[in-house]
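In what follows, a structure is listed as structure tokens, so that the remarks can point back to it.
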Amino acid sequence: MLETILNLPVEKQIFYAVLAFSWTVYLWEAYLSYRQRRTYRSTTHVPQELGKIMDSETFEKSRLYQLDKSNFSFWSGLYSETEGTLILLLGGIPFLWDIAGSLAARFGFTPEHEITQSLVFLTLATLFSALTGLPWSLYNTFVIEEKHGFNQQTLGFFFKDAVKKFVVTQCILLPVTSLLLYIIKIGGDYFFIYAWLFTLAVSLVLVTIYADYIAPLFDKFTPLPEGELKTAIEDMAKSISFPLTKIYVVEGSKRSSHSNAYFYGFFKNKRIVLFDTLLEDYSPLNKAGESQPEETESDETVSESKTKPKVGKNKKQGCNNQEILAVLGHELGHWKLGHTVKNIVISQMNSFLCFSLFAVLIGRKELFVAFGFTNTQPTLIGLMIIFQFIFSPYNELLSFCLTVLSRRFEFQADAFARSMGKASQLYSALIKLNKDNLGFPVADWLFSMWHYSHPPLLERLRALGSVKQD
């Protein structure tokens, strides 16, 4: 069989190698997910080590939630892999390119207007992806997330949001792509340097404007009100010379009860964004249950988020002020320790390497023939083939290395928060956030090693030490 494959034309070898690697990766991922599902099914009781961290009710809820998510991921992944294979086998990419050419011709654009045809192709491809992914997204949001109490969206909000995302994506994607293709066309022998510099500039601009101009199109951002929490955050930022200019609260509770926090900005213009679901005193999900009778609970056993509080229970979601400061101490640790800059440098080194290799490979006709382009070699198609298919083994290896590095950074950021005297508060915050988001604290070692960009809960708590909540 190997001899038969080696006797095939080189373009056929390329095509089948791409397919084989794609399915190899899929089967590897499916095997890892199977191992993790086995862990979900077999670990039905709270392990002794977790006895003081998670109650049986929350443990069971998180187990069932993660099991449902894993089963959904299996079927959606199988569909995605099958769809991608059929597109390649049936010549879907050249077929869509020809349709794009026909549509462009109706408006007077000839095949010489390659950039115009490329933009039409890109619009059709993203529309196809959005439509085929819509049923899966609906099921995930209105069946799985709804079943486990996280979804806060209505159908109307969901579709309005989806249309808005598609339009905003096109408004950014099409101009950026057209300029990139133009740079590659006129850049001469050193086009890969100009292309890299252009993508670097675009990424920096998008990071800068995202939270100020793009994210508010989807969620409401309001300044954190004056008070104890804001003053404490500003004092903590000042203590490590973090150039904080603004603190926002984002109304994440409109779409989900999951919580998050992040900072953004360059140089001396940093902003912090807190999800309202992270803030115990601001979360609308807590206010929704205020009329319900409260159960007496200790801080150590604050239970999981309840998006629709039951009668007789009023379990608060989110963290108190001291725990929020500990979480932000962790996030600011990423900045102070240079993790953000290191990630940018790694990303740009990778980008430059990929564009350099693209410059070497773009002239190879057999790459285009392998995917059905026998008479033309469109630049956009070349980018797709090389970056998505030819680089896929390298991308998988890089992704794993970055996952390992990310876990190392997380431990370092936790250690930084501990050095600020926030170990006890971070300890309790991690437990609360794990409960609020129904994170399952037991993981298969191989699945965890390959997938987890953040260390499992128990590993982080052990690294923080056996601290007690105040």
Side-chain angles (χ1 to χ4, degrees), residues 10-11 13-15 17-22 24-26 28-29 80 84 87-88 93 97 114-115 118-119 121-122 125-126 129 169 172-208 210 339-373 376-406 409 450-451 453:
V10 65
E11 56 269 16
Q13 292 181 30
I14 293 171
F15 181 79
V18 166
L19 272 184
F21 184 78
S22 179
T24 299
V25 170
Y26 169 75
W28 167 247
E29 296 280 1
S80 179
I87 287 173
L88 292 179
I93 299 176
W97 179 259
E114 185 188 308
I115 293 179
S118 297
L119 297 183
F121 172 86
L122 200 57
T126 52
S129 178
T169 299
I172 296 172
L173 183 63
L174 297 182
V176 169
T177 302
S178 62
L179 285 172
L180 177 61
L181 295 177
Y182 182 72
I183 289 170
I184 293 173
K185 289 287 186 185
I186 68 167
D189 293 338
Y190 299 102
F191 77 84
F192 62 97
I193 297 177
Y194 308 135
W196 167 67
L197 289 173
F198 173 71
T199 56
L200 169 61
V202 169
S203 63
L204 294 179
V205 169
L206 288 177
V207 167
T208 303
Y210 173 77
H339 296 165
T340 306
V341 173
K342 290 173 184 175
N343 280 329
I344 291 174
V345 170
I346 292 171
S347 173
Q348 293 310 313
M349 287 176 62
N350 172 64
S351 179
F352 181 78
L353 173 63
C354 289
F355 273 116
S356 301
L357 293 175
F358 171 76
V360 174
L361 297 173
I362 188 61
R364 303 296 295 268
K365 185 178 180 180
E366 57 267 29
L367 291 177
F368 291 89
V369 174
F371 294 91
F373 291 84
T376 58
Q377 298 181 39
T379 304
L380 178 64
I381 301 300
L383 285 166
M384 179 187 297
I385 291 171
I386 294 170
F387 278 78
Q388 184 176 342
F389 300 134
I390 305 304
F391 287 170
S392 53
Y394 165 74
N395 290 337
E396 288 295 324
L397 177 62
L398 178 66
S399 176
F400 173 70
C401 292
L402 291 178
T403 298
V404 173
L405 181 64
S406 175
F409 284 170
W450 188 260
H451 280 294
S453 61

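Bear in mind that the values here come from a model prediction, so they are computed numbers and not experimental data.
For Asn350, the side-chain hydrogen bond (donor to acceptor under 3.5 Å, both in side chains) test picks out Tyr394, with sequence neighbours left out. Val345 pairs by the side chain to side chain contact (heavy atoms under 4.5 Å, CB included) definition with Val341, Met349, not counting sequence neighbours. Scored by the side-chain hydrogen bond (donor to acceptor under 3.5 Å, both in side chains) test, Ser406 finds no partners at all (sequence neighbours excluded). For the side-chain hydrogen bond (donor to acceptor under 3.5 Å, both in side chains) test, no residue two or more places apart in sequence or in another chain qualifies with Trp28. Under the side-chain hydrogen bond (donor to acceptor under 3.5 Å, both in side chains) criterion, Thr199 pairs with no residue, sequence neighbours left out. In this structure, Phe21 has no ring-ring contact (aromatic ring centres under 6.0 Å, His included) partners at least two apart in sequence or on a different chain. The ring-ring contact (aromatic ring centres under 6.0 Å, His included) test applied to Phe391 returns Phe387, not counting sequence neighbours. Shown here are the salt bridge (Lys or Arg N to Asp or Glu O under 4.0 Å) partners of Lys185, two or more places apart in sequence or in another chain: Glu114.
Residues Phe373 and Lys365 form no side-chain contact, since every pair of their non-hydrogen atoms from C-beta on lies 4.5 Å or further apart. Looking only at side-chain heavy atoms (C-beta outward), Leu181 and Leu383 come within less than 4.5 Å of each other. A heavy-atom distance below 4.5 Å is found between the side chains of Phe121 and Ile93.
The six-membered or imidazole ring of Phe371 lies near that of Phe389, with a centre-to-centre distance under 6.0 Å.
In this structure, Ile381 CD1 and Trp97 CH2 are separated by 5.5 Å, a value rounded to the nearest 0.5 Å. Interatomic distance, CD1 of Ile385 versus CZ of Phe368, reported as 5.5 Å (0.5 Å rounding). From Ile362, atom CD1 reaches atom CG of Leu357 across 12.5 Å, with rounding to the nearest 0.5 Å. Note that CD1 of Ile344 is 13.0 Å distant from OG of Ser351, once rounded to the nearest 0.5 Å. The CZ atom of Arg364 sits 10.5 Å away from atom CD1 of Ile390, with the distance rounded to the nearest 0.5 Å. For the atom pair Ile184 CD1 and Phe358 CZ, the distance stands at 4.5 Å (nearest 0.5 Å).
Sequence neighbours left out, not one pair with a member in residues 195-204 passes salt bridge (charged side-chain N to carboxylate O under 4.0 Å, His left out). Residue pairs meeting the salt bridge (charged side-chain N to carboxylate O under 4.0 Å, His left out) criterion with at least one partner in residues 187-203, sequence neighbours excluded, do not occur; the list is empty. Within the structure, side chain to side chain donor-acceptor pair (under 3.5 Å) contacts touching residues 174-183 (residues at least two apart or in different chains) do not occur. Residue pairs meeting the salt bridge (charged side-chain N to carboxylate O under 4.0 Å, His left out) criterion with at least one partner in residues 387-401, sequence neighbours excluded, are absent.
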Could you please spell out the steps behind the ring-ring contact (aromatic ring centres under 6.0 Å, His included) verdict for Phe355 and Trp196? CA-CA 7 Å; Phe355 273 116; Trp196 167 67; 8.8 Å; no

Would you please test Phe15 and Glu366 for side chain to side chain contact (heavy atoms under 4.5 Å, CB included) and show each step? CA-CA 10 Å; Phe15 181 79; Glu366 57 267 29; over 6 Å; no

Pair Phe409-Asn343, side chain to side chain contact (heavy atoms under 4.5 Å, CB included): steps then yes or no: CA-CA 10 Å; Phe409 284 170; Asn343 280 329; 3.7 Å; yes

So Val176 and Phe198, side chain to side chain contact (heavy atoms under 4.5 Å, CB included) or not? Walk me through it. CA-CA 9 Å; Val176 169; Phe198 173 71; 4.0 Å; yes

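Proximity of a side-chain donor or acceptor of Ser22 to a complementary backbone N or O of Val18 within less than 3.5 Å is not detected. Side-chain N or O atoms of Thr208 include one that pairs as donor or acceptor with a backbone N or O of Leu204 at under 3.5 Å. For Thr403 (side chain) and Ser399 (main-chain N/O), a donor-acceptor pair under 3.5 Å exists by modelled atom type.
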